[in-house]
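Just so you know, ligand 1 is whichever comes first in the structure, and atom 1 is the first atom listed for that ligand. All values derive from a computational prediction rather than experimental measurement.
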Amino acid sequence: MSKQMSHLDDIPSTPGKFKMEKSPFVHNRLRWHSSLAKLTFWSFIFLGLILIFFFRSPSSNPLPQDPSRRSLRTYNWGGPAWEKRVRSSARVRSHNGISVLVTGAAGFVGTHVSAALKRRGDGVLGLDNFNDYYDPSLKRARQALLERSGVFIVEGDINDSALLRKLFEVVAFTHVMHLAAQAGVRYAMENPGSYVHSNIAGLVSLLEVCKSANPQPAIVWASSSSVYGLNTKVPFSEKDRTDQPASLYAATKKAGEEIAHTYNHIYGLSLTGLRFFTVYGPWGRPDMAYFFFTRDILKGKSIPIFEAANHGTVARDFTYIDDIVKGCLAALDTAEKSTGSGGKKKGPAQLRVYNLGNTSPVPVSDLVSILERLLKVNAKRDITKLPRNGDVQFTHANISLAQRELGYKPSTDLQTGLKKFVRWYLSYYNGGKKAAG
Ligand SMILES: O=C(O)[C@H]1O[C@H](OP(=O)(O)OP(=O)(O)OC[C@H]2O[C@@H](n3ccc(=O)[nH]c3=O)[C@H](O)[C@@H]2O)[C@H](O)[C@@H](O)[C@@H]1O
């Protein structure tokens, strides 16, 4: 006891705290205080250990709390059953097939590319964070579609490097089709952080894991026609300048192209960037004009049609999804192997950029006229000045490089493509009765 008392005496205390220590009551209280202090101390240690274990556990998301993310979630992954599903989905089932990790697999282009790869017998594993930038139930429906054809989508974020490393541990992917991104031109003014998070930090996180993988995969990824920014010379060629982006979205895609150059240069990663031109079609993105115009025309709501200064036409080189899928598969098939190993470059590797457009720009007002005919409803047109929030007046792709090197040859005009989209839209949203998100 005296030992204990002397120990207690060493603890700095408020004056008078131990004054009555001779009373037996005080003795008991002191003992009780000491036990309480010990109990509190060990509780803190125990709680600390639990927290350390939780944050280091491979099945939790180690992302820092980032206010720019719309859906902060913890994803569950890992375990023998999960690994089995991953392996089975990524298993190549055709002679000379490839095994591809498709990021953004529950997205519009990701779903179509994953399905096409699976159809020809390639191994496909999806990865998607199912964020709520647009109605997540549409992403879940795409997931269900892929699931039926044997494609498993792992739920997780490309910024989760522990998850990415695990995926490469389980499967030796030959290719990565990187389509996960924060898309949309106008939303960048609302939530700039999400563009940096997905299109820059996420890309770097993915390339870091790819560079260390053995073997390193070849990577094909989605850039954007928006990198041509304020250029006025048409059609846009890959040789043209891309240093005057009109939106943060475009700037992050341009940054992605420079980051790709760096990883190719330092680590020998084979990298192909595809500049998509306003991709549309069934299972598309509800944030895109053709999609919400359809929804709002059916609802009888007015639609804002942008017009440039002096009644200038705003036009897009709208490209149908099936053409884009062919371009993506051709890019994967012509991708050479990465040359590095163990994080070290062994020789020069392929670095490519292609325009994937349709080469026939259509004014937005014509897009609306086609929709009116297909929906058999007159649109309430609200002609509005092109806002200064990232939109450019026109896009037009020169696709001769993709034609020459990928055999890319788009074959669907806007009228035909929109017909397929409208058919899908009406059946998916139950004849327009169910509201589109
Ligand atoms: O080509 C690309 O790289 C980009 O294509 C689209 O961007 P955008 O062409 O702006 O597509 P929409 O937002 O669907 O707009 C299509 C056209 O409709 C016009 N628009 C849009 C919205 C609106 O309310 N009214 C309107 O007239 C736009 O100015 C544009 O000319 C995608 O949203 C981007 O993610 C993609 O990277």
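Of the polar atoms of Gly184, at least one N or O is found under 3.5 Å from an N or O of ligand 1, judged by distance alone. Of the polar atoms of Ile305, none of the N or O atoms is found under 3.5 Å from an N or O of ligand 1, judged by distance alone. Looking at Val392 next to ligand 1, no N or O pair under 3.5 Å apart turns up. An N or O contact shorter than 3.5 Å links Ser224 to ligand 1 by distance.
Listed for the Gln393 side chain is a donor-acceptor partner under 3.5 Å among the backbone atoms of Thr313. Judged purely by atom type and a 3.5 angstrom limit, Tyr195 uses its side chain to pair as donor or acceptor with the backbone of Gly184. Checked by atom type and distance alone, the side chain of Thr103 pairs as donor or acceptor with a backbone atom of Ala180 at under 3.5 Å. Side-chain atoms of Glu238 come within 3.5 Å of backbone N or O of Asn355 as a donor-acceptor pair. Proximity of a side-chain donor or acceptor of Asn264 to a complementary backbone N or O of Ser270 within less than 3.5 Å is not detected.
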Phe108/Leu179 under side-chain contact (heavy atoms from CB on, under 4.5 Å): CA gap, chis, key distance, verdict: CA-CA 9 Å; Phe108 170 36; Leu179 298 167; over 6 Å; no
Passes ring pair (Phe, Tyr, Trp, His ring centres under 6.0 Å), Phe421 versus Tyr280? Steps please. CA-CA 8 Å; Phe421 164 72; Tyr280 72 98; 7.9 Å; no
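With respect to atom 20 (N) of ligand 1, the closest heavy atom belonging to the protein is Phe306 CD1, 3.4 Å. The nearest heavy-atom contact from the protein to atom 2 (C) of ligand 1 is Ser225 OG, 3.2 Å. Residue, atom and distance of the protein heavy atom nearest to atom 7 (O) of ligand 1 are Val185 CG2, 3.8 Å.
Among Met288, Gln182, Arg186, Glu307, the residue whose heavy atom lies closest to atom 13 (O) of ligand 1 is Arg186. Closest heavy-atom approach to atom 28 (C) of ligand 1 within the set Thr384, Asp391, Asp382: this belongs to Asp391. Scanning Tyr290, Tyr249, Phe276 for the heavy atom closest to atom 37 (O) of ligand 1 points to Tyr249.
Counting heavy atoms from C-beta on, the side chains of Val176 and Phe168 come closer than 4.5 Å.
The closest side-chain donor-acceptor pair between Asp382 and Ser302, if any, does not fall under 3.5 angstrom. For the 3.5 Å distance criterion, the side chains of Arg381 and Ser369 qualify, holding a donor opposite an acceptor. No side-chain donor from either of Tyr267 and Gln216 sits under 3.5 Å from a side-chain acceptor of the other.
Under 4.0 Å from ligand 1, the heavy atoms of Phe293 that appear belong solely to its side chain. Contacts between Arg316 and ligand 1, counted as non-hydrogen atom pairs separated by less than 4.0 Å, involve the side chain only. Residue contacts with ligand 1 for Lys253 are absent, since no atom lies close enough (heavy atoms, distance under 4.0 Å). Contacts with ligand 1 closer than 4.0 Å are made by no heavy atom of Phe291, backbone or side chain.
Ring centroids of Tyr133 and Tyr187 are separated by less than 6.0 Å, placing the two rings close together.
Proximity of Thr395 to ligand 1 is not established, as no heavy-atom distance is less than 4.0 Å. In this structure, Arg285 is part of the shell of residues with a heavy atom less than 4.0 angstrom from ligand 1.
Close approach of ligand 1 to Ser226 (heavy-atom distance below 4.0 Å) involves ligand atoms 3 (O). Of all the atoms in ligand 1, the ones that sit under 4.0 Å from a non-hydrogen atom of Val364 are 17 (C), 18 (O), 19 (C), 27 (O), 31 (O). Less than 4.0 angstrom separates some heavy atom of Pro304 from each of these atoms of ligand 1: 23 (C), 24 (O), 25 (N), 26 (C), 27 (O). Against a heavy-atom cut-off of under 4.0 Å, Phe277 is close to the following atoms of ligand 1: 1 (O). Each of the atoms 29 (O), 31 (O) of ligand 1 lies under 4.0 Å from some heavy atom of Val314. Distances below 4.0 Å separate heavy atoms of Ala183 from the following atoms of ligand 1: 35 (O). The ligand atoms of ligand 1 that sit less than 4.0 angstrom from a heavy atom of Thr278 are 1 (O), 2 (C), 5 (O), 9 (O), 11 (O). If you number the atoms of ligand 1 from 1 as listed, the ones under 4.0 Å from a heavy atom of Ala289 come out as 12 (P), 14 (O), 15 (O), 16 (C), 18 (O), 21 (C).
Ion pairing between Glu257 and Arg275 holds under the 4.0 Å rule for side-chain N and carboxylate O. Remark: Lys166 engages Glu169 in a salt bridge, criterion side-chain N to carboxylate O under 4.0 Å.
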